[in-house]
2 protein chains.
Amino acid sequence: MVNKLDKNTPQRRAIVQVFTTCPQPLRIGEILQKARLIIPSIDQATIYRNLKRLVEQGWLLKITHPLAGTMYERSGKEHHHHFYCRKCHSVFELPGCGVNNKQVVAAGMTVEDHEVFFYGLCHECSRLTQEK
Amino acid sequence: MVNKLDKNTPQRRAIVQVFTTCPQPLRIGEILQKARLIIPSIDQATIYRNLKRLVEQGWLLKITHPLAGTMYERSGKEHHHHFYCRKCHSVFELPGCGVNNKQVVAAGMTVEDHEVFFYGLCHECSRLTQEK
DNA sequence: ATGCAAGTGCAAATGCATTATCATTCGCAA
DNA sequence: TTGCGAATGATAATGCATTTGCACTTGCAT
């Protein structure tokens, strides 16, 4: 149950299911696609409306990825960053973080948080490229 | 002189001047604004056309900032990252980098590069907030 | 079981950054 | 200096993601 003020519709349940099933951050198109496997008639306006709600309620996090655009992922995860594969365009979550904020503090700024985006070839695409 | 195939117009010179004068990455609007201090009649279509050229020629780098959107900065700088002030919305360059790619290599991915975005309050805005 | 506010699907509308069109101007090679 | 292809300014058009209006459906409190 997400919020007692919201109705528990099959569409919303489908969207929630998509995220509980899939660990990576997802683009609108991917969410729509996956949700349609559950409810074929689901519309993208419904996706947008529910995503907005789920973000407001803190159940989802909205990410703006420099290359992949707007994405959503479940909130409450440990601090982590993302890897983008330039070949298959998938985005993966990377646990951990190797960033130190010292340099920023030195510059007199107050750092609240940060975000790191890695780019390259994912495991699968790396492998396919090598065995050429 | 950027490229002998291009005409050396006052508009292009103005844009180049903006970037040689200003060290931070700039948004379209900021570039337009600053260029108009030099050539008041300059149009934004001209800005777009020249930015495109300058990027193709490798003189500028296009950045997609999660919060600030599309920005441009001079290329050839040392590896660095950016700080975004949530209050005044300015973007500053931060020299150096505290990222290690080890974790990614461990995950079987081939990292080509990365980008870090810091968020918080800039020096100026931090100061103003404190002395309240 | 019923009523109604909330949610949905569909399609059109919006907002926005960016690009294209085109008549005019201008840089620059000859 | 002159001619022409490239560049500019002004504006319209495009492409996109996102939103909205509306008629219809549905969850859920009563």
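The figures that follow rest on heavy atoms only: side chains count, while hydrogens, waters and symmetry mates do not. Since we're looking at a predicted model, the values are computed, not measured.
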(request) Calculate the interatomic distance between A:R12 atom CZ and D:dG27 atom C1'; express it in whole Å. (result) 12 Å
(request) Look at the aromatic rings of B:H65 and B:F117 and report parallel, tilted or perpendicular, splitting at 30° and 60°. (result) perpendicular
(request) Flag yes if B:I39 and B:I47 sit in one hydrophobic cluster, no otherwise; membership is Ile, Leu, Val, Met, Phe, Trp, Tyr, and two members link when side-chain heavy atoms are under 4.5 Å apart. (result) yes
(message) Under 4.0 Å, counting only non-hydrogen atoms across every strand here, what does B:R13 touch: a base, just sugar-phosphate, or nothing?
(response) nothing
(request) Please confirm whether the backbone N or O of B:I42 pairs with a side-chain atom of B:T46, one donor and one acceptor, at under 3.5 Å? (result) no
(request) Nearest whole angstrom, please: distance from the C1' of D:dA10 to the CZ of B:R36. (result) 11 Å
(request) Please report the shortest heavy-atom distance between B:S75 and B:L60, naming the atom on each side. (result) OG-N, 4.0 Å
(message) Below the 4.0 Å mark, does C:dG9 have OP1 or OP2 next to a side-chain nitrogen or oxygen of A:T46?
(response) yes
(message) Can you give me the closest heavy-atom contact between B:H80 and B:P95, atom names plus distance?
(response) CB-CA, 4.1 Å
(message) Aromatic contact between A:H114 and A:H81, with the criterion being ring centroids under 6.0 Å apart: yes or no?
(response) yes
(request) Ignoring backbone atoms, test whether B:Q11 places a side-chain nitrogen or oxygen under 4.0 Å from the OP1 or OP2 oxygen of C:dC26. (result) no
(message) Once you measure the plane-to-plane angle for A:F92 and A:F83, does it fall in the parallel (<30°), tilted (30-60°) or perpendicular (>60°) bin?
(response) tilted
(message) Between P on C:dC28 and CG on B:D6, what's the gap in Å once rounded to a whole number?
(response) 10 Å
(message) If the cut-off is 4.0 Å, is A:S41 near the phosphate of C:dG9, judged by side-chain N/O to OP1 or OP2?
(response) yes
(request) Could you tell me which non-hydrogen atom of A:C85 sits nearest to which non-hydrogen atom of A:C122, and how far apart they are? (result) SG-N, 3.4 Å
(request) Mind grabbing the angle between the end helix axes of the helix from C:dA1-D:dT30 to C:dA30-D:dT1? Five pairs an end, 10° rounding. (result) 30°
(request) Calculate the interatomic distance between B:L32 atom CG and D:dA10 atom P; express it in whole Å. (result) 11 Å
(request) Check whether the side chain of B:K7 and the base of D:dA6 form a donor-acceptor pair under 3.5 Å. (result) yes
(message) If you define the side chain from C-beta out and look only at heavy atoms, does anything of B:M109 sit under 4.5 Å from A:L121?
(response) no
(message) Measure CD/B:E56 against C1'/D:dA6 and give the value in whole Å, please.
(response) 15 Å
(message) What is the distance, to the nearest angstrom, from the CD1 atom on A:I42 to the P atom on C:dA11?
(response) 16 Å
(request) Output yes when at least one side-chain N/O atom of B:N50 is less than 4.0 Å from OP1 or OP2 of D:dT8, else no. (result) yes
(request) Sugar-phosphate means primed atoms, P, OP1 and OP2; the rest is base. With that split, encode nucleotides 12-20 of chain C 5' to 3' as B, S or - using protein heavy atoms under 4.0 Å. (result) -----SBBB
(message) What's A:R27 touching, base or sugar-phosphate or nothing? Going by heavy atoms closer than 4.0 Å.
(response) nothing
(message) I need the CG-P distance between B:N8 and C:dA29, as an integer number of Å.
(response) 11 Å
(message) Just so I know, are the side chains of A:R27 and A:T70 near enough to count as touching, which here means a heavy-atom distance under 4.5 Å?
(response) no
(request) Whole angstrom is fine here: how far is it from CZ in A:R53 over to P in C:dA6? (result) 9 Å
